[in-house]
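Just so we're clear, the structure is a prediction, and the values are computed from it rather than from any experiment. Count residues from 1 along the sequence.
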Amino acid sequence: MGRSRRTIPEELLLLALDPTTGTTAQPQSLDLGLAGAQLVELALAGRIAPDGDRIAVVMPRPTGDPTLDSALELLRRRGSPVRAVHWIGGPRLGLRQTYLSHLERCGMVHAVAGQMCGVLPTTRYQATDTAISREIRSRLDSAIRTGVPPDPRTAALAALAHAVGLGKHLYPGNEGRSSRSRLRDLIRHDPMGGLVAHAVMDVQNGVAAQPRRSPATAGQQQGARPPARTTARAATDPGRVPMQPRRGAGAMARAVAH
């Protein structure tokens with residue numbers, strides 16, 4: 001994979017980067033979104049393919065992108081298809097920082113050292129070329145404004161942006177409500193993007209930790225609650241338009257300094 005085209009994880013991170021504060025919006029859910037974006041990028045490169053709600057490696061040859069190839073190798077070592085929700089919900093410590101450092105090496109952002117309260121060291125990131133971020137945003141805006149089905153890459157980016165909660169960051173306030181709704185609707189246009197977007201939201205809602213049970217099995221248990229059909233469909237029906245996951249009023253809605 002050459003460097004003539006930005007990857008979806010890179011574009012998702014650039015979308016989340018606040019040019020005023022130098023921090024990323026939705027930092028906790030963004031790590032999940034980056035893991036999902038890696039899956040979409042590998043699928044577009046022909047290295048993996050969806051198998052129901054699972055991900056299967058179909059070509060283990062490296063892409064040439066070290067960060068993507070690390071994910072591809074981990075998937076290959078699994079030996080059998082893995083559920084997208086389990087993969088995205090797995091340990092991904094430092095993935096956001098990995099991509100920030102990667103963007104810095106590529107010259108797309110530069111790090112600005114500082115201090116919080118005059119004591120704690122912080123690092124903020126500023127885009128070196130704002131035209132790149134504007135071009136990414138323009139693609140989303142065009143798809144929202146025209147209603148024309150976007151290309152798979154843009155559709156997947158829109159799906160992930162919605163899944164991690166960037167809608168209110170990109171289109172804030174009451175005036176942005178219709179744009180946020182249309183952003184969500186773009187999920188329909190890319191099956192792989194829809195699959196990973198649903199998986200990202202399922203992880204945030206705690207679905208990844210819950211074992212699946214068939215309705216027949218659940219009905220045999222006395223006092224058992226019926227299965228959550230809506231959530232179960234979300235993981236297997238990429239075309240269904242999801243709602244955003246519930247979040248607390250605290251950390252999930254704040255930009256956190258690096």
> When rounded to the nearest 0.5 angstrom, what is the spacing between CZ in Arg139 and CG in Leu157?
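Arg139 CZ to Leu157 CG: 6.0 Å, rounded to 0.5 Å.
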
> State which residues pass side-chain contact (heavy atoms from CB on, under 4.5 Å) with Ala111; sequence neighbours excluded, sorted by chain then number.
Glu104, Thr123, Tyr125

> Report the residues that fulfil salt bridge (Lys or Arg N to Asp or Glu O under 4.0 Å) with Arg77, sequence neighbours left out, ordered by chain and then residue number.
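Arg77 satisfies salt bridge (Lys or Arg N to Asp or Glu O under 4.0 Å) with Glu73 only.
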
> Between Glu10 and His102, is there a side-chain donor-acceptor contact under 3.5 Å, judged purely by atom types and distance?
yes

> Is it the case that the side chain of Arg180 and the backbone of Tyr171 share a donor-acceptor pair, with hydrogens and angles ignored and the cut-off at 3.5 Å?
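Yes.
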
> Quick one: side chain to side chain donor-acceptor pair (under 3.5 Å) partners of Arg54, sequence neighbours excluded?
none

> Any side-chain heavy-atom pair from Arg124 and Thr23 closer than 4.5 angstrom?
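Answer yes - side chains close enough.
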
> Within this structure, what is the CG-CG distance for the pair Asp151 and Asp190, rounded to the nearest 0.5 Å?
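Between atom CG of Asp151 and atom CG of Asp190 there are 9.0 Å.
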
> Report the distance from atom CG of Leu160 to atom CD1 of Ile8, rounding to the nearest 0.5 Å.
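Answer for the CG-CD1 pair, Leu160 versus Ile8, is 7.0 Å.
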
> Any sub-3.5 Å donor-acceptor pair from Asp69's side-chain atoms to Pro62's backbone N or O?
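No; judged by distance alone, with no hydrogens or angles, the pair does not exist.
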
> Output all residues satisfying side-chain contact (heavy atoms from CB on, under 4.5 Å) with Pro150, sequence neighbours left out; order by chain, then residue number.
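Counting only residues at least two positions away or on another chain, Pro150 forms a side-chain contact (heavy atoms from CB on, under 4.5 Å) with Ala143, Thr154, Ala155, Leu186, His189.
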
> What's the spacing between Leu34 CG and Thr67 OG1 if we round to 0.5 Å?
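Separation between the atoms: 10.5 Å.
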
> Quick check on the hydrophobic clustering: are Tyr99 and Leu74 connected, directly or via other members, by side-chain heavy-atom contacts under 4.5 Å?
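Shared cluster, yes.
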
> Indicate the atoms forming the closest heavy-atom contact of Ala163 with Met201, along with that distance.
O-CG, 3.7 Å

> Quick one: does Thr24's side chain get under 4.5 Å of Asp18's, heavy atoms only?
no

> So which heavy atom on Gln126 is nearest to which on Pro19, and how close?
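Answer, listing the atom of Gln126 first, then Pro19: OE1-O, 3.0 Å.
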
> Give a yes or no on whether a salt bridge exists between Glu41 and Arg153, defined as a side-chain N under 4.0 angstrom from a carboxylate O.
yes

> Using side-chain heavy atoms (C-beta onward) and a distance below 4.5 Å, is Asp129 in contact with Glu135?
no

> What closest approach, in Å, do Leu183 and Ala158 show between heavy atoms, and which atom pair accounts for it?
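Closest heavy-atom pair between Leu183 and Ala158: CD1-CB, 3.7 Å.
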
> Search all heavy atoms of Leu30 against all heavy atoms of Ala25 and return the closest pair with its distance.
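Between these two residues, the closest heavy atoms are CD2-O, 4.1 Å.
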
> Side chain to side chain contact (heavy atoms under 4.5 Å, CB included), that's the test. Do His169 and Leu17 meet it? Break it down for me.
CA-CA 10 Å; His169 168 69; Leu17 193 61; over 6 Å; no

> Got a sec, which residues hit side-chain contact (heavy atoms from CB on, under 4.5 Å) with Ser142, two or more places apart in sequence or on another chain?
Arg145, Thr146

> Quick one: does Arg47's side chain have a donor or acceptor within less than 3.5 Å of a partner on Ala45's backbone?
yes

> Supply the atom-to-atom distance Ile88 CD1 to Leu39 CG, rounded to the nearest 0.5 angstrom.
5.5 Å

> So, do Leu13 and Val109 sit near enough that their side-chain heavy atoms are less than 4.5 Å apart?
no

> Working to the nearest 0.5 angstrom, can you tell me the gap between Arg78 CZ and His86 NE2?
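That separation rounds to 9.5 Å.
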
> Could I get the full list of side chain to side chain donor-acceptor pair (under 3.5 Å) partners for Ser70, not counting sequence neighbours?
none

> Run the side-chain contact (heavy atoms from CB on, under 4.5 Å) test against Ala71 and tell me which residues pass, sequence neighbours left out.
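With neighbours one apart ignored, the set is Gln38, Leu42, Trp87.
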
> Salt bridge (Lys or Arg N to Asp or Glu O under 4.0 Å) with Arg137: which residues, sequence neighbours excluded?
Asp141

> Suppose we screen for side chain to side chain donor-acceptor pair (under 3.5 Å). Which residues come up paired with Ser101, at least two apart in sequence or across chains?
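By the side chain to side chain donor-acceptor pair (under 3.5 Å) rule, Ser101 matches Gln97.
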
> Are any non-hydrogen side-chain atoms of Lys168 and Gln26 less than 4.5 angstrom apart?
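No - every pair of side-chain heavy atoms lies 4.5 Å or more apart.
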
> Is the closest side-chain heavy-atom distance between Leu14 and Glu11 below 4.5 Å?
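Sidechains of Glu11 and Leu14: no contact.
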
> Give a yes or no answer on whether the side chain of Asp202 reaches the backbone of Val85 with a donor-acceptor pair at less than 3.5 Å.
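Flag not set: sc Asp202 to bb Val85 has no pair under 3.5 Å.
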
> Evaluate side chain to side chain contact (heavy atoms under 4.5 Å, CB included) for Leu12 paired with Leu166, printing each intermediate quantity in order.
CA-CA 9 Å; Leu12 182 65; Leu166 286 182; 4.0 Å; yes

> Give me the atom names and distance for the closest heavy-atom approach of Ala49 to Val58.
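Scanning both residues completely, I find the closest heavy atoms to be CB-CG1, 4.0 Å.
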
> Which pair of non-hydrogen atoms, one from Ala156 and one from Val40, has the smallest distance, and what is that distance?
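Answer, listing the atom of Ala156 first, then Val40: CB-CG1, 3.5 Å.
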
> Between Val164 and Leu32, is any pair of side-chain heavy atoms under 4.5 Å apart?
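No, too far: nothing below the 4.5 Å cut-off.
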
